[in-house]
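Just so we're on the same page: letters track the sequence lines, and every chain starts at 1.
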2 protein chains.
Amino acid sequence: MKDAISILRQCDIQPTPQRIAVVEYVLKCKTHPSADDVFTHARKNCPTVSRATVYNTLNLLVEKGLLGMQTIREGAVIFDANVEKHHHFIDDDTGDIYDIPWDQLEVKGKGKLKDFEIFEFQVIMHGRRKKK
Amino acid sequence: MKDAISILRQCDIQPTPQRIAVVEYVLKCKTHPSADDVFTHARKNCPTVSRATVYNTLNLLVEKGLLGMQTIREGAVIFDANVEKHHHFIDDDTGDIYDIPWDQLEVKGKGKLKDFEIFEFQVIMHGRRKKK
DNA sequence: CTTTCACCTTGACATTGTCTAAAATACTAA
DNA sequence: TTAGTATTTTAGACAATGTCAAGGTGAAAG
Ligand SMILES: [Mn+2]
Ligand SMILES: [Mn+2]
Ligand SMILES: [Zn+2]
Ligand SMILES: [Zn+2]
């Protein structure tokens with residue numbers, strides 16, 4: 001992955017130490033973290049970063065399309081470094097959220113929904129991940 | 001629909017005025033209300049009902065399977081009088097949430113997800129409802 | 001050096017949701 | 001009826017999520 005500074009520059013966001021700390025964690029994170037998760041981890045590299053700055057940076061990244069945001073978990077929005085279209089599987093035992101590649105599932109019948117103009121959609125699955 | 005008292009009795013929940021006010025609103029509501037929506041409306045019929053009782057009653061109804069709960073909107077869980085399996089369409093302009101009958105959509109390919117045991121799933125769509 | 005400007009921090013605030021202690025209510029049995 | 005017990009309700013405390021405004025810091029420009 002490109003380094004945080006280049007990514008920020010490319011989107012016309014000034015690369016400050018606080019923003020770099022947020023970006024370095026959240027854009028390579030595979031765990032669908034909450035804002036508070038990001039805050040905790042960003043603090044390790046930048047101990048003075050504030051909650052407000054974390055929220056501001058996350059919202060900025062989402063606006064710029066560098067970061068996804070999902071409202072599939074109770075209590076807090078989660079952020080998603082994977083900005084390609086994909087589905088989600090939620091392990092109800094552990095709370096872990098897994099990405100399901102877009103082409104693994106096909107949703108048929110959307111054309112029949114005459115009253116609705118669909119901008120985007122995804123399949124949300126709940127269950128348990130099989131231990132291998 | 002059966003009356004609130006019978007419904008509560010049938011589930012071994014004592015029908016108190018507070019619970020009746022909650023049930024009468026939430027079980028015939030088609031708008032996917034939040035707990036606070038239910039609180040506001042229940043107060044009209046039972047002006048003394050407290051927030052705690054509304055939450056307790058909603059959680060009881062969900063436990064008993066009389067009410068659905070969905071985490072598809074930011075900020076608050078929503079409740080769903082429709083306990084049949086179905087999908088959801090969210091109008092991003094208005095925030096309104098529409099039920100999509102289960103058999104209108106078909107999700108193919110779940111069998112390929114060997115690592116996951118799926119308990120339930122649904123399709124979540126975002127877009128705009130066409131004005132007729 | 002002074003002004004300006006973007007950024008950051010702090011803390012206040014609103015909202016959601018849970019929990020507890022005490023009051024109110026309803027059932028039960030003498 | 002009356003006393004006692006169990007259930008329910010209420011008010012408020014509390015924690016967590018998220019937004020916002022006020023003021024501080026620091027660099028760049030004049
Ligand atoms: Mn974490
Ligand atoms: Mn309402
Ligand atoms: Zn994802
Ligand atoms: Zn529904």
Worksheet item: What is the distance, rounded to the nearest whole Å, between atom CD of Gln18(A) and atom C1' of dC7(C)?
Response: 8 Å

Item to complete: Let me know the distance between CG of Asn59(A) and C1' of dT17(D), rounded to the nearest Å.
Response: 12 Å

Worksheet, complete the sentence: Closest to the 5' end of DNA chain D, once Arg51(B) and Asp12(B) are matched to their nearest nucleotides, is Asp12(B)

Worksheet item: Is Ser34(A) touching bases, backbone alone, or none of the nucleic acid, heavy atoms closer than 4.0 Å?
Response: nothing

Worksheet entry | Sole candidate of His32(A), His87(A), Lys30(A) that passes side chain to side chain donor-acceptor pair (under 3.5 Å) when paired with Asp99(A) | His32(A)

Discussion item. Just the rounded figure in Å: distance from C1' of dT15(C) to CG of Asp37(B).
Written reply: 13 Å

Practice prompt. Search all heavy atoms of Gly127(A) against all heavy atoms of Phe119(B) and return the closest pair with its distance.
Written response: CA-CD1, 3.5 Å

Discussion item. Does dA26(C) have OP1 or OP2 under 4.0 Å away from a side-chain N or O of Thr16(B)?
Written reply: no

Fill in: Test item: Phe79(A) and Leu58(A) side chains (from C-beta on) under 4.5 Å apart, heavy atoms
yes

Worksheet item: With no hydrogens and no angle check, do the side chains of Thr40(A) and Asp37(A) hold a donor and an acceptor under 3.5 Å apart?
Response: no

Discussion item. Between C1' on dG18(D) and CZ on Arg73(A), what's the gap in Å once rounded to a whole number?
Written reply: 17 Å

Worksheet item: Under 4.0 Å between a side-chain N/O of Tyr55(B) and OP1 or OP2 of dG17(C), yes or no?
Response: yes

Discussion item. Taking Lys64(A) first and then Asp12(A), would you say they form a salt bridge - that is, a charged N and a carboxylate O separated by under 4.0 Å?
Written reply: no

Practice prompt. Give one of base, sugar-phosphate or nothing for Arg19(A), where a contact means two heavy atoms less than 4.0 Å apart.
Written response: sugar-phosphate

Fill in: Sidechain N-carboxylate O distance under 4.0 Å for Glu117(A), Arg128(B)
yes

Item to complete: Starting from P on dT19(D), measure out to CZ on Phe39(A) and report it in whole angstrom.
Response: 15 Å

Worksheet item: Between which residue ranges does DNA chain D form stems of three or more consecutive Watson-Crick or G-U wobble pairs, both distances under 3.5 Å?
Response: C:1-30 with D:1-30

Discussion item. Counting the atoms with a prime plus P, OP1 and OP2 as sugar-phosphate, which does Ala76(B) contact under 4.0 Å by heavy atoms, base, sugar-phosphate, or nothing?
Written reply: sugar-phosphate

Practice prompt. Ignoring the backbone of Ala52(B), work out which of dT16(C), dT10(C), dG12(D) is nearest its side chain.
Written response: dG12(D)

Fill in: Atom-pair distance (CG on Leu58(A); P on dT17(D)), nearest Å
13 Å

Practice prompt. Kindly indicate, with the supporting measurements, whether the criterion side chain to side chain donor-acceptor pair (under 3.5 Å) is fulfilled by Asp96(A) and Thr94(A).
Written response: CA-CA 5 Å; Asp96(A) 295 338; Thr94(A) 66; 3.1 Å; yes

Item to complete: Determine the contact category for Thr53(A): base if any of its heavy atoms lies under 4.0 Å from a base atom, sugar-phosphate if only primed atoms, P, OP1 or OP2 are that close, otherwise nothing.
Response: base

Discussion item. With a cut-off of less than 4.0 Å, is there a side-chain N or O of Asn56(B) near OP1 or OP2 of dT18(C)?
Written reply: no

Fill in: Length of the line joining Leu60(B):CG and dT18(C):C1', which is rounded to integer Å
15 Å

Practice prompt. Taking only the side-chain nitrogens and oxygens of Gln14(B), find out if one of them lies under 4.0 Å from OP1 or OP2 of dA26(C).
Written response: no

Worksheet entry | OP1 or OP2 of dC8(C) under 4.0 Å from side-chain N/O of Thr48(A) | no

Worksheet item: Under 3.5 Å, is there a donor-acceptor pair between the Asp80(A) and His88(A) side chains?
Response: yes

Worksheet item: Of the candidate nucleotides dC8(C), dG18(D), dG17(C), which contains the atom at the shortest distance from the side chain of Ala35(B)?
Response: dG17(C)

Practice prompt. Give the rounded distance in Å between these two atoms: CD of Glu74(A) and C1' of dG17(C).
Written response: 9 Å

